[in-house]
Amino acid sequence: MALVMAVAAGCTRQGESAGGGNDEDLLRNHDWTQMPGTIARNDILRISALDRHIVEQDSSGGQPNPPLNLAGPHLRSDGDFTVTARMSGVGDGGGDSWLRLYGQVPVIYDEWRQERPSLRVGVTAGGRVKVQIWDGEGDEPATSKEFDCGCSGTVTVAVSSIGDTFRVKADGRRLGTVQDPGVFAEGTVWFGLEADASTHERREGWRLTQLIARAESGDSLRVIKAPQLRQEQSDDSLRARAAEVGRPFDVGTALAENPLLTDSRYRSLAGSQFSMLTPENAFKPQFLHPRRGVYDFRDADLLVRFARANDMKVHAHTLVWHEALPDWMRENDDPEEVRRTMLRHIATVAGHFKGKVAEWDVVNEPMSDDEKSYTNGDLGRFVWITSAGRGCR
């Protein structure tokens, strides 16, 4: 069986080119090499589990932070369209495998991810087809339904939008319907690929072997490639003026990768006005080292490439901090093991960016801001000091 997902979305935005039912192959001749958690080879994508989560300042919570392909193709449509995906290595107890279509790209804050409208469809470890809908009003899916399928190996699933309803099929058999709150009303579709970390212990996860888009009913559809990173420079910019003073200095800003690739004004201002950038989140451990022994530098590398394209320095933030740590870094209370974890993380991350960044925040905010930490003699939540002891003082 082949996994085919068809999504027909009724949008009203004026398109830029006629569709006419022609298929657009989104894997061939398009860049998926920057998709976190994915290895692209011979027009086949291998998706492994990253298990990225965003924790709050007190290390509570654990909001999922799945990746999407910012630096690859996305769609613009003014009407009905179909997306076809063939997935293999799914079901049979091998973990949940997901394709997600974002109507709008999520917003990532320091300790929170704001979900925008999206549709997530996948095959579960039990061989069922599951559909989840986010309407942009909350972190959790507004709608979630599972359908009996008995799907495994390579599977065929179809999801079509007819009016305000998604119709779900598997191998041509109708499974049921899901209400559509207008997921693709903006006329754009961004792609995300996910593997469930709880059961996908094998690094290879599942495989995406085909991804095709097609306009329906004569509507228009256009495949949009990632924008150029190099931005037009001006002699009257902030950075140009700062370079001309008696003691030249860099003009810096903090940047996030999501708006950098999706907001042209944000990208233009960032590349033309500033001569140094600090990553908002992409260099923090919970983003690039989400699982023990599993690193993914794709989002961080994107910011470095943007800096290089625009002759900007990178102020890297941060190697050691009590916040923005994945849960696994807090689980071990053996001082020696904690110390080894910290040193391995520093060596791997600093080694990856050797020669690519100008400077580092090596230790960020090492002292607790909790008054109780100074009345009981404990430095509080700074896990590296309290757990690692003398070796890290």
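By convention here, the first residue in the shown sequence is residue 1. Given the structure is predicted, the values throughout are model-derived calculations rather than measurements.
Using a 4.0 Å cut-off between a side-chain N of Lys or Arg and a carboxylate O of Asp or Glu, Arg298 and Asp301 do not qualify as a salt bridge. The existence of a salt bridge linking Lys313 and Asp250 is confirmed by a sub-4.0 Å separation between a basic side-chain nitrogen and an acidic carboxylate oxygen. Salt bridge Arg292/Asp327: absent, no basic N to carboxylate O contact under 4.0 Å. We find that Glu323 and Lys284 are not joined by a salt bridge, their nearest charged nitrogen and carboxylate oxygen being 4.0 Å or further apart. A salt bridge between Glu337 and Arg340 is present, with a side-chain N of the basic residue lying under 4.0 Å from a carboxylate O of the acidic one.
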Does Trp134 form a side-chain contact (heavy atoms from CB on, under 4.5 Å) with Arg116? I'd like the steps, not just the answer. CA-CA 7 Å; Trp134 280 262; Arg116 313 297 287 280; over 6 Å; no

Give the C-alpha distance, both sets of side-chain angles, the deciding distance and a yes or no for side-chain hydrogen bond (donor to acceptor under 3.5 Å, both in side chains) between Arg76 and Thr188. CA-CA 5 Å; Arg76 185 177 298 278; Thr188 54; over 6 Å; no

Do Asn310 and Phe274 pass the side-chain contact (heavy atoms from CB on, under 4.5 Å) test, and can you show the C-alpha distance, the side-chain angles, and the key distance before you say yes or no? CA-CA 9 Å; Asn310 293 285; Phe274 300 97; over 6 Å; no

Candidate pair Asp236 and Ser234, rule side-chain hydrogen bond (donor to acceptor under 3.5 Å, both in side chains), full reasoning: CA-CA 5 Å; Asp236 194 36; Ser234 168; 5.6 Å; no

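Remark: the backbone N or O of Gly95 is not paired with any side-chain donor or acceptor of Asp196 at under 3.5 angstrom. The backbone N or O of Glu56 lies less than 3.5 Å from no partner atom in the side chain of Trp112, so there is not a single donor-acceptor pair. Checking side-chain atoms of Ser237 against main-chain N and O of Ala240 turns up a donor-acceptor pair under 3.5 Å. Arg128 places no side-chain N or O within 3.5 Å of a backbone atom of Cys149 that could act as its donor or acceptor partner. Between the His53 side chain and the Asp51 main chain, a donor and an acceptor come within less than 3.5 Å of each other. The backbone N or O of Ser264 lies less than 3.5 Å from no partner atom in the side chain of Ser268, so there is not a single donor-acceptor pair.
Note: Met312 CE to Ser272 OG = 9.0 Å, rounded to the nearest 0.5 Å. The distance from the CG atom of Asp23 to the OG1 atom of Thr84 is 7.0 Å, given to the nearest 0.5 Å.
Aromatic pair His317/Phe283: ring centres not closer than 6.0 Å.
Using a 3.5 Å distance cut-off with no hydrogens or angles, the side chains of Arg100 and Gln132 do not pair a donor with an acceptor. Looking at Thr124 and Asp96, their side chains never bring a donor and an acceptor atom within 3.5 Å of each other. Side-chain contact annotation: Asp361 with His315, donor-acceptor N/O pair under 3.5 Å present. Remark: the Gln179 side chain and the Asp164 side chain contain an N/O donor-acceptor pair separated by less than 3.5 Å.
The closest side-chain heavy-atom distance from Gln273 to Val251 is not below 4.5 Å. For the pair Val357 and Trp360, the minimum side-chain heavy-atom distance is below 4.5 Å. Within the 4.5 Å cutoff, the side chain of Asp148 has no heavy atoms near those of the Leu175 side chain. No side-chain heavy atom of Asp299 sits under 4.5 Å from any side-chain heavy atom of Pro67. A heavy-atom distance below 4.5 Å is found between the side chains of Leu208 and Ile47.
Evaluated for a side-chain contact (heavy atoms from CB on, under 4.5 Å) with Arg113, the options Asp139, Val107, Asn258, Ile54 yield exactly one hit, Ile54.
Placement of Met329 and Val362 within a single hydrophobic cluster is found when ILVMFWY residues are connected by side-chain heavy-atom separations under 4.5 Å, directly or transitively.
Ring orientation note: the planes of Phe166 and Phe184 are nearly perpendicular, at an angle over 60° on the 30°/60° scale.
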